[in-house]
Participant: 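Structure below; questions to follow.
Just so you know, these numbers come straight off a predicted model, no measurement behind them. Numbered from 1 within each chain, the chains take letters A, B, ... in sequence-line order.
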Amino acid sequence: MLRFVLRRLILLVPVLFGLTVMMFIIARLLPGDPVGLAAGPNATAEEIAAYARDFGLDQPVTVQYWRYLTGLLQGDLGVSIFSRRPVLDDLIAYLPATLELVFAAMALAVVIGIPCGLAAAVWRNRWPDYASRVSALAAISMPRFFLGLLLQLTFAMWLFWLPLGGRFPIILEPPPTVTGFLTLDALFAGDWQAFVTACRHLALPAIAMCLSPLATIMRMMRASTIEVLQQDYVMTARALGLSPRLIVFKYVAKNAVSATLTVIGLYFGWLLGGTVLVETVFDWPGLGLYATQAIVSQDFMPVIGVALVIGLLFMLVNLLVDVLYGVINPKVRYA
Amino acid sequence: MTEMTESARAYAFRRGWFRFRQSSLSMLGAVLVLAILVLAVIGPWIAPYPEHIVGGVDTANRFQSPSLAHPFGTNELGQDVFSLVLAGTRISVLAGLGVVLIGTIVGTLAGALAGFFGGWADEVLMRLADLKLTVPGLILAMAVAAALGPGLMNMIIAIALSWWPGYARLVRGEVIARKEEVYVTAARAIGASPSRVLFRHVLPNIVSPIVVKMSLDMGFAILTVASLGFIGIGVRPPTPEWGTLLSVSRSYMPDFWWTAVFPGLAMFVAIFGFNLLGDGLRDVLDPRARR
Amino acid sequence: QGRKILVIAAGQDIPNFDPHVATGYSASFFMRNVYDPLVRVANNPPEPVPALAESWESSADGLTWTFKLNPAAKFHNGDAVTADDVVYSFERALRLAKGNSWMIRGIVQPGKVSAVDAATVQFDLAAPFAAFLAVLPWIFVVQKSQIEANLGADDGQAWLLANTAGSGPFALKRAQAGTLYELERPAGAWQSGAGNLTGVIWQIIRETASQRLALQRGEVHIAVDLTSEDMDSLKDRPGVVRVIEPEYRTFSIKMNTEHGPLADVELRKAISYATNYQAIADAAGYADLMTGPLPNGIMGHNPALEVYRLNLEKAKEHLAKSAHPDGGITLKMVHVNGLEQQRRWALIMLDSLKALNITLEIQPMLWPDMVAACQKPETFPDLFPVYQTANYGDPDNIAFAAYHSSRNGGWQNAVYNNPEVDALIEAGRTEIDEAKRVEIYGKMQELIVADAPDLFGVLERRKLGMRAEVQGFVFAPVASNAIECNGLSV
Amino acid sequence: MALLEIRNLHLAMRSFDGEAHVLNGIELAVERRQVWGLVGETGCGKSLTGLSCSRLVPTPPGRYLQGEIRFDGQDLLAMPDAQVAALRGTRIGMIFQDPTTNLNPAFRIGTQLVDVALAAARRKPEVLGGGGRQAAERLAVQMLDKVGIPNAAERMGDYPHQFSGGMRQRVLIAMALIGRPDLLIADEPTTALDVSVQAQILRLMRSMVDEFDMGVVMITHNLGVVAQSCTHVAVMYAGNIVESGPVRDVLMAPRHPYTRALMQAIPTRDTPRGGLQGLAGSVPNLITPPPGCRFAPRCALATDTCRAATPPLTGASHRVACIHAETVDA
Amino acid sequence: MLEIENVTKVYPGRKGMFGSSAPVTALSDVSLSIRPGESFGLVGESGSGKTTLTRCILRLEEPTSGRIRFDGQDFATLSPAALRAMRARIQIVFQDPFASLNPRMSVHDIVTEPMVIHAAALGLGPRQRTERAAELLDLVGLGPQHLHRYPHEFSGGQRQRICVARALACKPDMVLLDEPTSALDVSVQAQVLNLLGDLQTRLGLTYLFISHDLGVIRYVCDRTALIYRGKIVEQGDTQAVFDAPQSDYARTLIAAMPEVAFD
Ligand SMILES: Nc1ncnc2c1ncn2[C@@H]1O[C@H](COP(=O)(O)OP(=O)(O)OP(=O)(O)O)[C@@H](O)[C@H]1O
Ligand SMILES: Nc1ncnc2c1ncn2[C@@H]1O[C@H](COP(=O)(O)OP(=O)(O)OP(=O)(O)O)[C@@H](O)[C@H]1O
Ligand SMILES: [Mg+2]
Ligand SMILES: [Mg+2]
Ligand code: NI
């Protein structure tokens, strides 16, 4: 087990390496002139050149890449040519917001999706099943950004129930940073009101985000539950007089959840990358927004940084899922 | 075993059609998709204000709320939103088709070769696919689209670039599974060459999952196209594209909600249609997903 | 609880705190409130008012300027602002050659700013410069001792990324990149005329509709990025005050006068007559059509100038005289991807040019790509929309940037050059007599209109939304979205 | 009163092609200590008959047309669900064919056994003698021991995949017997096993019958297995029981043409090369079954009478459903 | 005809996620010699290596060591093309008739495929191939009306007949039968066994007949080998093996054989 984890961790290195190469290639494909943008509208050619020199952009790509790699090994992710801030600092500032959103969405998706999927499978071909299937498909088909807009329109613009966007009201003092998750920090600080406020801000974006993983988890859960329900051992359990509740909640659920687990892992990565749209809609100061702005201004160190962080997180989460999978699935563990 | 004299294919088709028809949802999907395809073809011709589709403006009539003359109202330039949404169907369908076709062709070829021959080709492909999995598709597509500049074709390429590994993975997995089927061993035992085995015995048997994935992916491709448009890296004006329309009009909410809501709804209906159809097809074509 | 905090909603993040590096209106907001220049600009029409300098005088030839510093002025750490600091700041700005330093480049030279005594600074200009007082508000003074203590390898730039060394009415309290920046009035603020604010928050709300809603709901006091549609919907909202004022911000579409079909002045005129100016104004909402190259109302602007207006007959006449009498050509127009107004104008141009049987290909581009395209006439697109904001309220600002051939290759004037116009601009620059300047600029405007290098578009009015409880706001048509907060109260 | 008595049971199953009449008047009576072998070709309805004994046939697609299934005198088909469910495990036990798929791979076998024991004890407290979880664990170990698992106590913590096929089948038997059922239905319990293991399992089952005083229905398609381990046999063809009775009587002197054909299709020590008799034709389509005797189309002796009506199962202990039974005997 | 000398096959262990499995020795030092025209039986429990042996014979799998000669020729020395040609002479029928036919091909395509592959050697045109396919179907007891049907329309016994027809298409000298009847009902099994016996006498085929049903082996085979965990534990005339088994394993196996016999 430990060896497995170590092996996987070592395998991360080449993938991350490939990632930097790929992003560098894409960055080089960009025909634009990020320096010109950063140097400001009134810069002369010499100033622009000086600017480029500042960032080593006058060097050949290979040299730039080499510098980047050596920097990376020392924990230096480069500098945004636009803000001149170190990318690492920015990532540290933006990441918690995204993670909080993703975790909230994922938690919603899991907490609602798994029981619904289970229910749909158990009452297969009856109304809970139809209802959940139609709504799952509709949820998957609903563009997140459109849903976000509709939610804003309804709850923030017409009903005035929830805030329109942002993470925390600026007038209020945010709770002291411990985890970077405002909700948790508020709880740690014992500030109930701040917690409620943070949750109110989190609500709409998290709902907009969670819908499609929720639907997928629900469908996956339904499918795997149905598959499990058709397994011979379920028939045996019924034939030997185990109560339906025990069968479903203990025997079936565990098998079905383990099949759903991989989807959750994959979706986590997908969500990390997918925050872009929701963050744009809700002005959520997270990685997605950061990446969008970097991409639009062709500031590619942040783009590479974001790709690296998301890639790393994605792989770590999937590693975690694989480990969990092994814990739930004795066969894998002992194989 | 049936004793009917009709050919096996006709029987299989009838059986599939029966299963498909039984689900009213699948039928709804089929109807929606059909409608979308028809609109994609004739949309620009039946639009009430064809000149608005090619960029005509009517600034005297800005922001008219929905009425008989303008069922979906007019936008910031006085263009008829209904005409724009109608014309957007073609763009979305074209883009979706483009993405899915490129993805399928490239992915199937790569996946089949990797799965069938294994070795270093497999290694390289799988590492590439891993890479793709770790970089979120949307960010990759955004970066590529930003690099290539706006435009329908560029957008299709940008998305397809992050799309084919999905097919490659699917096909590779299926090929590896099929490779172990007894009838494939049987073919090898009678001396069939590798290419014969691949094209005659393996590939024909994985058409169903590919078709299912394609129809499900159509919806997602349309969604991704719209997402890029929404971020603002979409088509060039004056091409009416749903995501771009939505992205422009979101600043006019809530007062001029119709400029945003109708393109969004069109998007939703189209994606929903393809997803319903894909789901129905999967029930029919993919034996493992059978209920 | 005794705290009076003004919240400003804005779409732009503050990229950098270094007053000699940063640009953009968000950075301007920051610098105007955290740092002090020698003089500030205020009122409408704009005029210089004392800041660090309590008084100033210039020699008759306009070459020597002397500023008396306010003895009360002190930095946030309590040290007095001295002439040394002022000299250091100007030299640093020139040394770094970033940010706003271009405004004084060639006018103020290194070594030519000197401290006469601790409270007196003297400038020996290289040439007379009519707009000198108008540019001074944009060169801010940093505390020499603090910078020198944190010099690093880059003249303190790295340190100033996250720190400040100013004397302004407010000091930085907290910064959350991408979210908000909070300023706080320091204990020993020396500025007079202060309102009751104890602090200011610059909150980043990227969507204009969101800004408007936040304003409507009283979550913010001022929203600075509102669109005309937002202004309409804010009309008659209780508790909201709308500020809609003309400003020196021109929007025009530059044509490639050097390369391609539009090198032909007849074709340019044909297009100038074919453009639907009314639609452009409609689409812009609260805006006024431009009359010639200079912004309406600025000194030297001629409101009676005869300019092009939609006239298809004349357009066809000029087209007939061009190399393409029947049209049938395709022109390329670019615009900044995501800039909604520019997209609208591109579509209006597409519509307008149909009348001349000219096809327009629209290409949204990223700004750096557009800047890159400006470098050569060959790469410059046929039609190129630009906004030009007067950084200081003087005709020289627009005239020099937009029409002087020395700017060729840059985005403000990529290709247009006319030696006569150049000469007039240079003359206007160094002339200090106002009447003569009006004459010079009048002549220049006529020449430019005859050349038709631009489609003169609109002057968008400044659109600010404000809560009624905000007191003490006085509009000045220069960078009015970089709100100066000293005098405000809530 | 017989332990289990199935009377004239008719069952239809719906599928895409139509509704198949899969059980067509099953008659079967099982007493305690009787081991009934249920034989027949694939798809003739053996499993559905077995499942019917504890009403586990899914409905839909299944539909009982008529008949009754009397267990201890009570008709299962007339009972509410909960009451049938209460019989499962404690009164009627079940063992299925594939020992690999019938154990839940994600749980320790101890857990699975204990859960069954606890469920049984809820309805039949004497199973655990009023004890709780600890008693259930003790009982589970005891049962494992009884079915011949060495080191039973230690193996409670193992997962199914850590056992061999034969051991898993033993575990399943232990699970089925832990609630001390009166009737055991075993659906092809040895088909998936090798011959040597099969012999052990059959021996184990026989010994359990006496110890637990059960009636057993053992479904198989191997006549050899029936001959060696059953007291009675019922031969099924296309949803009918065509012949039934004490195993010796039926196998030594088969009277239905189908039983005879089946016997002749098995190679024995004395069958000469080429001496096997296959059965021409194939099993009829059950959606539109042939009228009358369903075996008629493949039967050399069939006459118009055969095709007119389904012949009833007649006789005292050795019962046959064929009007030609006497002829065949001759 | 077929000589198998000291064949050993070791499958390397697999690397799993949480550890790796040990290598499996599927065959160890197996030697057999099959004479032309005989039926050679191979019995053993599941997992004893029977299928692995057929795969090694057909070179679908490379033996780890040992030699296999067919008609005096060592397969290991053949080029891939020559090997494929050689496969026309040894054919195989698999256990599961439901899995061994490509569901997307009609019976005609299935039966003619070997002829298409070996067209050069056989010299048959399309028309002749169809004719021969009809003949083959006739030979295995199916009719020409079945040519254009698809596998799922057939019962297990019929499918197994199609498999036999395919195996016979190239007029092989030897047929490997890997549990050809274990998926079938007894009545159908009898038909297929009779058909196989019939074909052997008519066409002079050599069989390697694999089964775990001792009754069937006894009925069909001239000589028999017992395989246990990859090792041949006993071989000889069928009669002798059954009447006087030498090894313990053979004795337990034969004793456990369920038979319809009462004493
Ligand atoms: N769930 C079901 N839906 C529809 N038809 C079914 C279902 N289960 C069984 N059948 C049909 O009922 C008939 C009898 O099936 P059953 O499983 O009882 O056969 P069996 O005698 O047990 O066969 P085997 O020896 O293969 O186990 C078959 O024709 C089968 O196709
Ligand atoms: N591709 C493979 N990789 C690893 N091990 C294998 C492989 N194929 C077979 N084995 C192992 O080799 C051994 C022999 O398998 P084989 O299939 O030859 O047995 P068999 O006698 O044909 O069994 P059955 O009667 O079940 O068909 C088994 O332990 C099996 O697990
Ligand atoms: Mg069965
Ligand atoms: Mg085998
Ligand atoms: Ni009869």
Participant: Donor-acceptor pair, E/R104 side chain versus B/P204 backbone, under 3.5 Å?
Facilitator: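 A pair under 3.5 Å: yes.
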Participant: If only atom types and distance count, is the side chain of E/H118 paired as donor or acceptor with the main-chain N or O of B/G191 below 3.5 Å?
Facilitator: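 It does not hold such a pair.
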Participant: Say you draw a straight line from CG of E/L58 to OG1 of B/T185; how long is it, rounded to the nearest 0.5 Å?
Facilitator: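 Rounded to the nearest 0.5 Å, the CG-OG1 separation comes to 10.0 Å.
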Participant: Hey, what do you get for CZ (E/R55) to CZ (B/R188), rounding to the nearest 0.5 Å?
Facilitator: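 Taking CZ in E/R55 and CZ in B/R188, the distance rounds to 6.5 Å.
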Participant: Answer with side chain, backbone, both or neither: which region of B/R200 has an atom nearer than 4.5 Å to a non-hydrogen atom of chain E?
Facilitator: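 For B/R200, backbone and side chain are both near chain E.
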Participant: Working to the nearest 0.5 Å, report the span between CD of B/E181 and CG of E/L101.
Facilitator: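 It is 11.5 Å, given to the nearest 0.5 Å.
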Participant: To check you understand the geometry: which heavy-atom pair defines the closest contact between B/N205 and E/P103, and what is its length?
Facilitator: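 Taking B/N205 first and E/P103 second, the nearest heavy atoms are OD1-CG, 3.4 Å.
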Participant: Under a 4.5 Å cutoff for heavy-atom pairs, which residue among E/E113, E/Q91, E/Q95 has the most contacts with chain B?
Facilitator: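 Sorted descending by pairs with chain B, the first entry is E/E113.
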Participant: Determine the minimum heavy-atom distance between E/S100 and B/A186, stating which atoms define it.
Facilitator: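 Nearest heavy atoms, E/S100 then B/A186: O-CB, 4.1 Å.
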Participant: Could you tell me the separation between the CZ atom of E/R166 and the CD1 atom of B/I190, rounded to the nearest 0.5 Å?
Facilitator: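 So the gap between those two atoms works out to 6.0 Å.
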Participant: What heavy-atom pair brings E/F94 and B/V182 nearest, and what distance separates the two atoms?
Facilitator: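 Smallest interatomic distance, heavy atoms only, reads CG-CG1, 3.5 Å.
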Participant: Considering residues, nucleotides and ligands other than B/K179, do more than 12 of their heavy atoms fall under 6.0 Å from its NZ?
Facilitator: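 Enclosed.
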Participant: Counting only non-hydrogen atoms closer than 4.5 Å, does E/V116 touch chain B with its backbone (N, CA, C, O), its side chain (CB onward), both, or neither?
Facilitator: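 Interface part for E/V116: side chain.
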Participant: Quick check for you: among E/T54, E/I117, E/N102, which has the greatest number of heavy-atom pairs under 4.5 Å with chain B?
Facilitator: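 Among the listed options, the one with the most contacts to chain B is E/N102.
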Participant: What part of E/A88 is in contact with chain B, defined as an atom under 4.5 angstrom from a non-hydrogen atom: side chain, backbone, both or neither?
Facilitator: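 No part of it gets close to chain B.
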